[in-house]
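Scroll down for the structure; my scribbles are underneath it.
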Amino acid sequence: MTVLLWILGVLAVPTLLFALWLAWVFLKEFFSPTPEDDTEDGAKAAEQFGLLPAERQNTHLAAPLPAGWEAALGALRGEDWRPAADLLRSIGPDWERRSALAYLLGESAAEDDSWLLVWEKERPDDPDAAVVRARSTVILAWQIRGGKRARYTTQEQFEGFRRTLVRAREETARAAALNPDDPTPYIAEIWVALGLGYANSQMDKVWAEITSRAPHHYEAHFSALQYWCAKWRGSERLAGEFAERAAAGAPLGSLLTVLPLIAHFEHDESEDNAVDRTPEMLARVDAGLADAAAADPAHPRLPELRHMLAYYLSLQDRDEAALEQFKLVDGHVNALPWRYRNDRAAYYCQIRDSSAAAVAAASAAEPTV
């Protein structure tokens with residue numbers, strides 16, 4: 001009889017454990033929402049704040065185009081290059097806007113350069129056409145390579161990549177000679193340096209050409225930081241030192257306070273958000289907020305800083321401040337930190353909606369007078 005009771009007791013243990021587990025699951029579901037509920041609540045909160053769903057996010061741009069740019073770019077589809085040429089010339093020595101527009105024009109030419117060929121034929125020594133050609137060839141080279149890691153890239157892709165970058169180096173030199181004051185050709189050359197593997201000393205020479213013309217140029221610093229990252233031609237230490245040095249020496253409103261955040265992001269492999277909430281990271285985000293507040297509202301790269309601020313403010317549970325930044329960039333998601341994701345719009349909405357839900361919950365919990 002004792003043996004029988006012992007056997008029954010042993011058999012009852014798994015049953016008891018299973019019952020306790022079921023009870024725990026029931027209580028957990030009753031008192032806390034499932035991830036699906038969290039997602040749904042976040043989406044509802046985002047909608048409540050007037051934010052757009054993932055399917056309505058523009059995944060090609062970081063922000064709406066400045067006035068007149070969309071029309072000029074649209075005209076290229078009809079092979080009418082003159083509005084774009086007039087727009088680029090009208091920008092003059094505003095190097096931030098010039099480099100931003102030249103990139104967009106180069107991107108279009110990388111897809112179909114028929115309009116650029118006509119421009120070059122009609123104005124063979126036009127420095128604007130030359131800088132667009134240089135940017136286009138660099139972009140084309142990187143498209144040939146593709147965005148996959150080296151082990152997933154074919155030898156044919158690498159050969160085409162290198163061959164096209166060699167041609168791009170010649171074109172950046174020509175564009176620089178036609179407009180000696182313009183830093184834009186050298187900014188394009190940074191991506192040649194990255195792809196061809198310029199030695200650090202050679203990169204330093206390119207950098208000196210840029211900073212002698214535009215010492216606090218945002219796109220130049222962003223591009224150079226990529227060169228100094230461990231995944232390309234530098235290391236985590238070199239990237240961090242470059243970012244901190246540039247941010248410390250830049251005037252408020254230049255947006256360069258984002259560089260230490262980007263350097264951190266590029267090398268962060270931790271799954272723990274604690275690394276994003278250190279006093280150092282809090283101070284970096286605060287510096288970025290001050291920088292954004294002081295910047296020209298029409299600065300073409302300001303939304304890129306705001307995207308990074310929104311991300312880190314959310315990770316730091318500073319949800320009201322995060323939501324304010326999300327409101328200023330919502331609708332466009334081609335920026336770090338979303339850009340590296342296969343579904344950048346979904347990832348953006350995931351982080352954004354968590355902050356929206358937190359703000360909505362806090363608002364609902366406030367006592368009414």
Side-chain angles (χ1 to χ4, degrees), residues 61-73 75-76 81-109 116 119-120 122-139 168-193 204-225 246-247 249-259 291-292 294-305:
L61 298 171
L65 292 173
W69 288 29
E70 188 169 358
L73 290 166
L76 300 178
W81 54 272
R82 293 183 186 278
D86 292 344
L87 181 59
L88 191 56
R89 177 168 295 181
S90 72
I91 287 175
D94 184 337
W95 304 129
E96 294 283 1
R97 287 177 175 79
R98 179 175 174 81
S99 69
L101 179 57
Y103 181 87
L104 292 173
L105 295 175
E107 197 173 41
S108 177
L116 182 55
W119 183 358
E120 291 170 324
E122 291 200 21
R123 301 177 185 175
D125 292 320
D126 186 342
D128 294 342
V131 78
V132 172
R133 173 60 70 187
R135 300 225 75 168
S136 171
T137 305
V138 172
I139 292 167
R169 182 166 56 186
E170 297 171 357
E171 292 172 354
T172 59
R174 178 173 181 268
L178 288 171
N179 191 354
D181 293 333
D182 186 8
T184 312
Y186 298 101
I187 296 169
E189 192 180 356
I190 291 174
W191 294 93
V192 176
D204 287 339
K205 292 178 181 178
V206 176
W207 189 240
E209 297 287 357
I210 293 170
T211 53
S212 67
R213 294 164 172 81
H216 307 298
H217 195 288
Y218 177 89
E219 187 193 348
H221 281 81
F222 174 86
S223 301
L225 178 56
L252 204 60
S254 66
L255 313 184
L256 297 189
T257 53
V258 76
L259 295 175
D291 206 2
D296 176 359
H299 193 300
R301 304 293 181 172
L302 176 56
E304 296 180 31
L305 170 58

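Hydrogens, waters and symmetry mates are skipped; everything else that's a heavy atom, side chains included, is used.
Within a 6.0 Å sphere centred on CD of Glu209, heavy atoms belonging to other residues, nucleotides or ligands number more than 12.
When the side-chain contact (heavy atoms from CB on, under 4.5 Å) test is applied to Ala247, the partners found at least two apart in sequence or on another chain are Pro260. By the side-chain hydrogen bond (donor to acceptor under 3.5 Å, both in side chains) test, Arg169 is found to be paired with no residue, residues two or more places apart in sequence or in another chain being considered. The side-chain hydrogen bond (donor to acceptor under 3.5 Å, both in side chains) test applied to Asp86 returns no partner, not counting sequence neighbours. Shown here are the side-chain hydrogen bond (donor to acceptor under 3.5 Å, both in side chains) partners of Thr172, two or more places apart in sequence or in another chain: there are none.
Contact check for Leu88 versus Arg98: side-chain heavy atoms found under the 4.5 Å cut-off. The shortest side-chain heavy-atom distance between Leu105 and Leu116 does not fall under the 4.5 Å cut-off. Within the 4.5 Å cutoff, the side chain of Leu104 has heavy atoms near those of the Leu61 side chain. Put simply, the side chain of Asp296 does not reach to within 4.5 Å of the side chain of Glu96, judged on heavy atoms. Within the 4.5 Å cutoff, the side chain of Val258 has no heavy atoms near those of the Phe222 side chain. Looking at heavy atoms from C-beta onward, Leu65 lies in side-chain contact with Leu73 at the 4.5 angstrom threshold.
Distance check, rounded to the nearest 0.5 Å: CG of Asn179 to CG of Asp125 gives 12.5 Å. The OG1 atom of Thr184 sits 6.5 Å away from atom CH2 of Trp95, with the distance rounded to the nearest 0.5 Å.
Ring-plane geometry between Trp207 and His221 is classed as perpendicular, the angle between the planes exceeding 60 degrees on a 0 to 90 degree scale with a lower cut at 30. Ring geometry for Trp119 versus Trp81: interplanar angle under 30°, hence parallel rather than tilted (30 to 60°).
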Identify every side-chain donor-acceptor pair in residues 185-193 under 3.5 Å, counting partners at least two apart or on other chains, and give the distances.
{"unit_1": "Glu189", "atom_1": "OE2", "unit_2": "Tyr198", "atom_2": "OH", "d": "2.9"}
{"unit_1": "Trp191", "atom_1": "NE1", "unit_2": "Ser223", "atom_2": "OG", "d": "3.0"}

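In terms of heavy-atom proximity, Leu255 sits nearest to Tyr218 at CB-CD1, 3.7 Å. Between Leu259 and Ala246, the closest heavy-atom pair is CD1-CB, 3.6 Å. Taking every heavy atom of both residues into account, His216 and Gly249 meet most closely at CE1-O, 3.3 Å. Here the closest non-hydrogen pair linking Ser254 and Ala250 is OG-CB, 3.3 Å. Across all non-hydrogen atoms, the minimal contact from Pro83 to Ala75 is CG-CB, 4.0 Å. Across Ser108 and Leu76, no two heavy atoms sit closer than the pair OG-CD1, 3.7 Å.
A salt bridge is absent between Arg174 and Glu170: the closest approach of a Lys/Arg side-chain nitrogen to an acidic carboxylate oxygen does not fall below 4.0 angstrom.
Contacts classified as salt bridge (Lys or Arg N to Asp or Glu O under 4.0 Å) and involving residues 216-225 (residues at least two apart or in different chains) are given here: Arg135-Glu219, Glu219-Arg301.
A donor-acceptor pair is defined here as one N or O able to donate and one able to accept, closer than 3.5 Å; no such pair exists between the side chain of Asp291 and the backbone of Leu252.
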